[in-house]
Amino acid sequence: MIPLDELKEKARIMTKDALRHYPSFPKEFEPDIALGTFFDGNLRIFELYVAKQRPQDAIILTRATLDAMTGDGKVEVFPENWVNEQQAGQ
């Protein structure tokens, strides 16, 4: 099994690459951006999100899912949670 720190770094690089295709996060998000790590069998899921007062109100920005055995993974980006129509046209 690949160590969690190695998977986290791989997820960071994959997420950074995926985000190149989208506008930056709003400045007001910056102080509250957090990383959540979840375990689902052999999968390690890393969610970049904006923390809110209530956990159910968190705004999920990205989700990287990696296989802890192989290191293979994918990144999902949720631009609808921060990109408005005006930014999308730029």
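Just so you know, these numbers use all the heavy atoms, side chains as well, and skip hydrogens, waters and symmetry mates. Quick note: residue numbers are just sequence positions, from 1.
Looking at every heavy atom in both residues, G36 comes nearest to Y49 through N-CE2, 3.5 Å. In plain terms, the two heavy atoms of V75 and A18 that are nearest each other are CG1-CB, 3.9 Å. The two atoms that bring L61 and F29 nearest to each other are CD2-CE2, 3.9 Å, heavy atoms only. When all heavy atoms of A11 and L66 are compared, the closest pair comes out as CB-CD1, 3.8 Å.
Proximity of T62 to F46: side-chain heavy atoms (C-beta onward) are nowhere separated by under 4.5 Å.
Although no hydrogens or angles enter the test, the distance criterion places no donor-acceptor pair under 3.5 Å between the side chain of K74 and the main chain of A64.
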Exercise. List the steps, then state whether side chain to side chain contact (heavy atoms under 4.5 Å, CB included) holds for R63 with F78.
Key: CA-CA 8 Å; R63 179 181 299 124; F78 305 102; 3.4 Å; yes
Exercise. Could you give me the CA-CA distance, side-chain angles and deciding distance for I59 and K52, then say whether side chain to side chain contact (heavy atoms under 4.5 Å, CB included) is met?
Key: CA-CA 8 Å; I59 301 169; K52 295 290 183 179; 3.6 Å; yes
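Remark: F25 engages W82 in a ring pair (Phe, Tyr, Trp, His ring centres under 6.0 Å) (not counting sequence neighbours). Every residue meeting the salt bridge (Lys or Arg N to Asp or Glu O under 4.0 Å) condition with D17, not counting sequence neighbours, appears here in chain and number order: R20.
Within the model, atoms CD of E9 and CD1 of I2 stand 13.5 Å from one another, a figure rounded to the nearest 0.5 Å. Going from atom CG of L7 over to atom CE of M69 covers 11.0 Å, rounded to the nearest 0.5 Å. Within the model, atoms CE of M14 and CG of L19 stand 11.5 Å from one another, a figure rounded to the nearest 0.5 Å. In this structure, D67 CG and M1 CE are separated by 8.5 Å, a value rounded to the nearest 0.5 Å.
L4 and L35 fall within a single hydrophobic cluster, where Ile, Leu, Val, Met, Phe, Trp and Tyr are joined by side-chain heavy atoms under 4.5 Å apart, directly or via other members.
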Name each donor-acceptor pair under 3.5 Å that joins a side chain in residues 37-45 to protein atoms two or more places apart or in another chain, with its distance.
{"unit_1": "R44", "atom_1": "NH1", "unit_2": "G41", "atom_2": "O", "d": "2.8"}

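Other residues, nucleotides and ligands contribute at most 12 non-hydrogen atoms within 6.0 Å of the NZ atom of K8. A 6.0 Å sphere centred on CD of Q56 holds more than 12 heavy atoms belonging to other residues, nucleotides or ligands.
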